[in-house]
Amino acid sequence: MDFNHKQVEQWCKSFWAEHQTYKVTLDTDKPKYYVLDMFPYPSGAGLHVGHPLGYIASDIYARYKRQTGFNVLHPMGYDAFGLPAEQYAIQTGVHPADSTDKNIKMYRAQLDNIGFNYDWDRQVKTSDPKYYKWTQWIFIKLFEHYYDIADKKAKPVSELITLFEQGGSEAVKAAHANEEAFSAEAWNAMTAHEQDAVLMNYRLAFRKVAYVNWCEALGTVLANDEVKDGFSERGGHPVEKRPMMQWALRITAYAERLLDGLNKLDWSESMKTMQRNWIGKSTGAQVFFQLADFEEKIEVFTTRPDTIFGVSFMVLAPEHDLVEKISTIEQKEAIDKYVLAAGKKSEIERMAEGKTVSGCFTGAHAIHPFTQKRIPIYISDYVLKDYGTGAIMAVPCDDARDKRFAEKFDLEIVNIIDKSAFPDAGIGDKVGVMINSDFLNGMKVKDAIKETAKQLYERGIGKRYTNYRLRDANFSRQRYWGEPFPIKTKDGVAVAESQDKLPVELPILDDFKPTAEGKSPLAKVTDWVNTDAGIRETDTMPGYAGSSWYFFRYMDALNDKAFASKEALNYWKEVDLYIGGTEHAVGHLMYSRFWTKFLYDIGEVQIEEPFKKLINQGMIQGVIEYIYLAKEKVNGKSKFVCSLIAESQGLENFSKLPIHVDFVEDYGSKDSYINRAGIEAFIQWRPEYKDAIYECGLGAYEMGTFKAKGNAKDSKLMTESEVGKMSKRYFNVVNPDTIVERYGADCFRMYEMFLGPIEQSKPWDTQGIEGVAKFIKRLWSLFYTDGDWRVNDVEPNKEELKALHSAIKKIHKDLNVFSFNTCISQFMMLVNELKKQQTTSKIILQDVVRLIAPFAPFLAEELWNKLGHKTSVHHSDYPEFEESYLVEDTVTYPICVNGKKRTLLDVPNGTAKDEIEQMAKALPDLDRWLEGKQLVKIIVVPNKMVNFVVK
RNA sequence: ACCGAUGUGGCGGAAUUGGUAGACGCGCUGGAUUCAAAAUCCAGUUUCUUCGGAAGUGGGGGUUCGAUUCCCCCCAUCGGUACCA
């Protein structure tokens, strides 16, 4: 009997369902282990072979952990709110809930096909009112809390109000947005509306003005993704930044704890570094510059207060609040033009244009706080509104960008640091001695930094200050398909919904277009918006709302009294292993950590960090094949040419058209091409090109005939190959279903793991799966030969035991470092050896089955059953290795001369160092290498190698 | 522009703390089997070579008896950059 994967998979699925093999309960007798995948957004395109990479790895690990005695929680769910479903709804009228559910069904079928051991009873869906009830509940908690800096934790706003009533703003040290101080009397005299405005500056969920990408022509707010070079990607309409009152989360209050928490995590250093850089803590000074002809001061933050005497001008972000006020009449027109142009650029574009300097003089001046000189104030792209204070003091002599700016606008450059003692030091390096700097002259840079900060404070100009690059998180979206805010506004005061009114459900709509004013479609549901208790918030929450806490919900997914029971939260605690893509390296992980810390502060959870160990899986890429289309038509006909022709005629005369990879021969290689059959398949697929000319070096295909040059028989139109994203738009998507159908789920799983290290990106190559398919056949043939069961009770020999136990050892070791690809190689080597040994011993083969069960769950379950077991192999113990089987009699040493291997030497295990040296010296093979040279020394590294050093 | 990662045969990749570069596969070549094909099995497969060897892990330098591994500089590709998910 051959291995029939379809039959076996079907049998296993029903066996697992019947025995509830993957059901997880709260079993305090066993240690817990929580393995989590980043949950997917259920897109209409379904899963391609890249998606399950991480899921397979986590599935293997979860099964391995279960077999080694842990109670393993391994759930799956859907990040179901999102923009694509809404856009689809706008285009087709299909309600996002319906399309999302349809997509989820497809995902589920695809996931089931691969044999994952999820406990589906715990599935979550962020768009389910039973789920987002608790997202809203947490939002209300954020709204009702502020952050106490002294106690380093969140506290109820009700306590803050009491403090204000008793002592005004001085009574509390809290994270807040506005510096204005007030007394208890002033607080008590405020109207409810005024008090609400003050509290907004303190709440962890609060409202503030934020900028959105407004597209007038489309009448909607666009995601950054949908804007290219100041124009909408769809339609190419102009886009501008527009201020809007929006909800935000005060994540900055947690900056220091988010930074500290990283130290305890078992994440890669690169991941931690990315998070640290994202938080961007820097210490320096806050300095105020008095405006020359206005009351206001400009606040700047600098990490280099020592350079203050080098300040010869200031630069504001174009969006800075003061720009309009201080610009002089003469400069107004130029300033307005510049501000408008800057508003059209994205932050990336503004930063990426580092080499071309632009800016505009406001006409206004500031007073230098130490020299009292008047210095000009400019605006420029390279200063960003949301970084620091949106204003900088420019030091052209020691900052590359300031220098370029000064050179362009012909501004004074005062040299204030003598770096002559450090010839290698570049601009901005903190070395040298201060010059031209009044009281700082002669000081080293480091001392000058301290001294300036001290002087700033004493003279009331500024003070020491810690700045974070991290910004408060914008939490509003002007969209339909997201969680409604549980907030009503009555008489200008924001009021949270009471818990018994939750969830605030999304009203059913059939028109998903935004309103003319750029408000969410919800604004059109007037009877939902207007209630006696106030006006509802019509914005919805962003994608990361539901995903910032879902890992807790899995612990107790059906609970309707709490987001999870205390019992479940205390048992499962945190995620032990989290696998997902690097694209979430900062955003999602940062928000989840923030929410977890907040829930910890308010006593809801016991842990401060949600993800103990993190693995980032790489992407599986596809091959993208392009053909060259001439930009100019020939006699009114489109013309495609071979890549060689395109190169010789100049690539700028051609556009690249992605073509379905199935039409291309040798796709992915340098020599990929389409033959006549390929051209005909292409024409069937894209009938608009049926009249086109397809020219290559061997001839041209046109209207069904191939006119050859010379005696060529077929077209060989070379295509351009590229490794890139696997995506619908490149027609290179490989669906796991097709692979599973043909090769079986076990083969698919093992092949995905075999491709390479889990953390690296690598291209998909369907052809390569043959190797794993052969391996599975060979493995099966150890149990069945020509349909006969061949396993018996014969005692294993030494070689068999050694092969088995070195495999067990290696698999344990590799799994502990998540090196799945080398596990597969190891299995191949084991099976090759057992084939060679003609193994039939049950003792050996039974362990092979248990060993491979996490990787090939179907095959293993089937064989386990045939070996006579009634319970699942996935609840069996994992094999342990015996060191005694692995002891070698002899060690083979490479004998090197100057580090280069020249010969080998077999030495009995345990031979002494000097004895090995003598044996090596006596080797006749070495004479030719040592002859005429002077032997300097011999290095013997036990169990490694011997090296002769000669001159 | 900034932050992070990656770079080894024709291809995917392997190589404990610095110690035999190319494990395990794909592909390719030759052979066995077959009427033939598929499948299977066996052998070979980094490049160059005067067949003695020599070179070789993106490029250039350095440390070391010895570097894919450690350090410095550079190049290329990928991910992220706060409203794609």
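Convention: sequence-line order gives letters A, B, ...; per-chain numbering from 1.
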**Prompt:** Separation of M828(A) atom CE from C24(B) atom C1', in whole Å?
**Reply:** 7 Å
**Request:** Looking at every strand, decide which applies to Q478(A) at a 4.0 Å heavy-atom threshold: base, sugar-phosphate, or nothing.
**Result:** base
**Message:** Within the 4.0 Å heavy-atom criterion, would you say V936(A) contacts the bases, only the backbone, or no part of the nucleic acid?
**Reply:** nothing
**Item:** F855(A) and F820(A) aromatic ring geometry - parallel, tilted or perpendicular at 30°/60° bounds
**Value:** perpendicular
**Prompt:** Ignoring hydrogens and angles, are the base of C84(B) and the side chain of E583(A) linked by a donor-acceptor pair under 3.5 Å?
**Reply:** no
**Message:** Check this for me: does the side-chain of Q760(A) come within 3.5 Å of the base of C78(B) through a donor and an acceptor?
**Reply:** no
**Request:** Nearest whole angstrom, please: distance from the C1' of A15(B) to the CD of Q826(A).
**Result:** 14 Å
**Message:** Under 4.0 Å, heavy atoms only, any strand: does V586(A) hit a base, just the sugar-phosphate, or nothing?
**Reply:** sugar-phosphate
**Request:** Round to a whole Å and report the spacing from OH of Y591(A) to C1' of A85(B).
**Result:** 13 Å
**Pairing nucleotide - G4(B), Watson-Crick or G-U, each distance under 3.5 Å** = C78(B)
**Asked** Is R778(A) near enough to C41(B) that one of its side-chain N or O atoms lies under 4.0 angstrom from OP1 or OP2?
**Response** yes
**Request:** Identify the nucleotide, in any strand shown, that forms a Watson-Crick or G-U wobble pair with U63(B), with both distances under 3.5 Å; if there is none, say none.
**Result:** none
**Fill in**
When rounded to whole Å, the CG to P distance for the pair N103(A) and A85(B) reads 14 Å
**Prompt:** Is any N or O donor-acceptor pair between the side chain of K813(A) and the base of U16(B) shorter than 3.5 Å?
**Reply:** yes
**Prompt:** The side chain of S825(A) lies closest to which of these nucleotides: A82(B), A85(B), A23(B)?
**Reply:** A23(B)
**Request:** Ignoring the backbone of T822(A), work out which of G12(B), A15(B), C65(B) is nearest its side chain.
**Result:** A15(B)
**Prompt:** Should we count NZ of K272(A) as having more than 12 external heavy atoms under 6.0 Å?
**Reply:** yes
**Asked** Of all the nucleotides listed (C24(B), A85(B), C3(B)), which has the minimum atom distance to the side chain of M274(A)?
**Response** C3(B)
**Prompt:** Mind checking the P distance from A5(B) to U47(B)? Whole angstroms is fine.
**Reply:** 33 Å
**Item:** Under 4.0 angstrom between K900(A) side-chain N/O and G53(B) OP1 or OP2
**Value:** no
**Item:** Quiz item: N224(A) side-chain donor-acceptor pair to C83(B) base, under 3.5 Å
**Value:** no
**Side chain to side chain, N943(A) and Y893(A), heavy atoms closer than 4.5 Å** = yes
**Message:** Please give the distance between the C1' atoms of U68(B) and G59(B) as a whole number of Å.
**Reply:** 15 Å
**Prompt:** Where the side chain of M619(A) is defined as all heavy atoms beyond and including C-beta, which of G79(B), C83(B), G19(B) is the nearest nucleotide?
**Reply:** G79(B)
**Message:** Using a 4.0 Å heavy-atom cut-off, does I824(A) contact any base of the nucleic acid, only the sugar-phosphate backbone, or nothing at all?
**Reply:** nothing
**Request:** Would you indicate whether the side-chain heavy atoms of L815(A) and I811(A) approach each other to under 4.5 Å?
**Result:** yes
**Prompt:** What is the nucleic acid contact for G82(A), judged by heavy atoms within less than 4.0 Å: base, sugar-phosphate only, or nothing?
**Reply:** sugar-phosphate
**Message:** Can you measure R902(A) atom CZ to C65(B) atom C1' for me and round it to whole angstrom units?
**Reply:** 14 Å
**Request:** Would you classify L755(A) as touching base, sugar-phosphate or nothing, given that sugar-phosphate means primed atoms plus P, OP1 and OP2, and contacts are heavy atoms under 4.0 Å?
**Result:** sugar-phosphate
**Message:** Starting the side chain at C-beta, find the nucleotide from G12(B), A85(B), C26(B) nearest to F754(A).
**Reply:** G12(B)
**Request:** Could you tell me whether Q246(A) contacts a base, only the sugar-phosphate backbone, or nothing, with contacts defined as non-hydrogen atoms closer than 4.0 Å?
**Result:** base
**Request:** Using a 4.5 Å cut-off on heavy atoms from C-beta on, say whether the side chain of N213(A) contacts that of K241(A).
**Result:** yes
**Asked** How far, in whole Å, is G9(B) from A14(B) if one measures between their P atoms?
**Response** 13 Å
**Message:** Side chains of Q91(A) and Q87(A) only: does a donor on one sit below 3.5 Å from an acceptor on the other?
**Reply:** no
**Request:** In whole angstrom, give me the gap between the P atoms of A21(B) and C75(B).
**Result:** 32 Å
**Prompt:** Does a donor on one side chain and an acceptor on the other come within less than 3.5 Å for Q275(A) and R593(A)?
**Reply:** yes
**Prompt:** Side-chain N or O of K774(A) less than 4.0 angstrom from OP1 or OP2 on C26(B)?
**Reply:** yes
**Asked** Any side-chain N or O of N821(A) under 4.0 Å from OP1/OP2 of G25(B)?
**Response** no
**Request:** Take atom P in G10(B) and the same atom in U45(B), then report the distance between them in whole Å.
**Result:** 15 Å
**Prompt:** Once you round it to whole Å, what is the distance between C1' of A82(B) and NZ of K208(A)?
**Reply:** 11 Å
**Prompt:** In the structure shown, which nucleotide is the Watson-Crick or G-U wobble counterpart of C11(B), with both distances under 3.5 Å?
**Reply:** G25(B)
**Prompt:** Between G25(B), G66(B), C84(B), which nucleotide has the shortest distance from any of its atoms to the side chain of L83(A)?
**Reply:** C84(B)
**Asked** For A39(B), which nucleotide in any strand shown is its Watson-Crick or wobble partner with both distances under 3.5 Å?
**Response** none
**Message:** Between C24(B) and C78(B), how far apart are the two C1' atoms, rounded to whole Å?
**Reply:** 26 Å
**Prompt:** Looking at the side chain of N213(A), which of G19(B), C24(B), C83(B) is the nearest nucleotide?
**Reply:** C83(B)
**Request:** Answer whether the closest heavy-atom distance between the side chains of V946(A) and I939(A) falls below 4.5 Å.
**Result:** no
**Prompt:** Counting side-chain heavy atoms from C-beta on, which of C65(B), A85(B), U20(B) comes nearest to Y41(A)?
**Reply:** A85(B)
**Message:** Go nucleotide by nucleotide along RNA chain B from the 5' end; which of R477(A) and V941(A) gets its closest nucleotide reached first?
**Reply:** V941(A)
**Request:** Nearest whole angstrom, please: distance from the P of G13(B) to the CZ of F775(A).
**Result:** 20 Å
**Message:** Of the options G4(B), U20(B), G12(B), whose atoms approach the side-chain atoms of N277(A) most closely?
**Reply:** G4(B)
**Message:** With a 3.5 Å limit on both atom pairs, tell me what A54(B) is paired to, counting Watson-Crick and G-U wobble, or say none.
**Reply:** U47(B)
**Asked** Can you tell which of C65(B), A23(B), C83(B) lies closest to the side chain of N898(A)?
**Response** C65(B)
**Request:** Could you check whether D79(A) gets within reach of a base, just the sugar-phosphate, or nothing at all, counting any heavy atom under 4.0 Å?
**Result:** sugar-phosphate
**Fill in**
Residue pair K835(A)/S270(A) against RNA chain B: nearer the 5' end by closest nucleotide is S270(A)
**Request:** Measure up the Y784(A) and W780(A) rings against each other and bin them: parallel (under 30°), tilted (30 to 60°), perpendicular (over 60°).
**Result:** parallel
**Message:** Work out how far the P atom of C51(B) is from that of U63(B), and round it to whole angstrom.
**Reply:** 37 Å
**Request:** Enter syn or anti for the glycosidic conformation of G9(B), syn applying to angles within 90° of 0.
**Result:** syn
**Heavy-atom check, side chain of E625(A) versus side chain of N732(A), under 4.5 Å** = no
**Item:** Sugar-phosphate only, base, or nothing, as touched by S547(A) at under 4.0 Å among non-hydrogen atoms
**Value:** nothing
**Request:** Would you classify P40(A) as touching base, sugar-phosphate or nothing, given that sugar-phosphate means primed atoms plus P, OP1 and OP2, and contacts are heavy atoms under 4.0 Å?
**Result:** nothing
**Item:** Separation between the C1' atoms of A15(B) and A67(B), rounded to whole Å
**Value:** 13 Å
**Asked** Taking CD1 from I348(A) and C1' from A82(B), how many angstroms apart are they, rounded to a whole number?
**Response** 10 Å
**Message:** Heavy atoms only, 4.0 Å cut-off, all strands: where does K725(A) land among base, sugar-phosphate and nothing?
**Reply:** sugar-phosphate
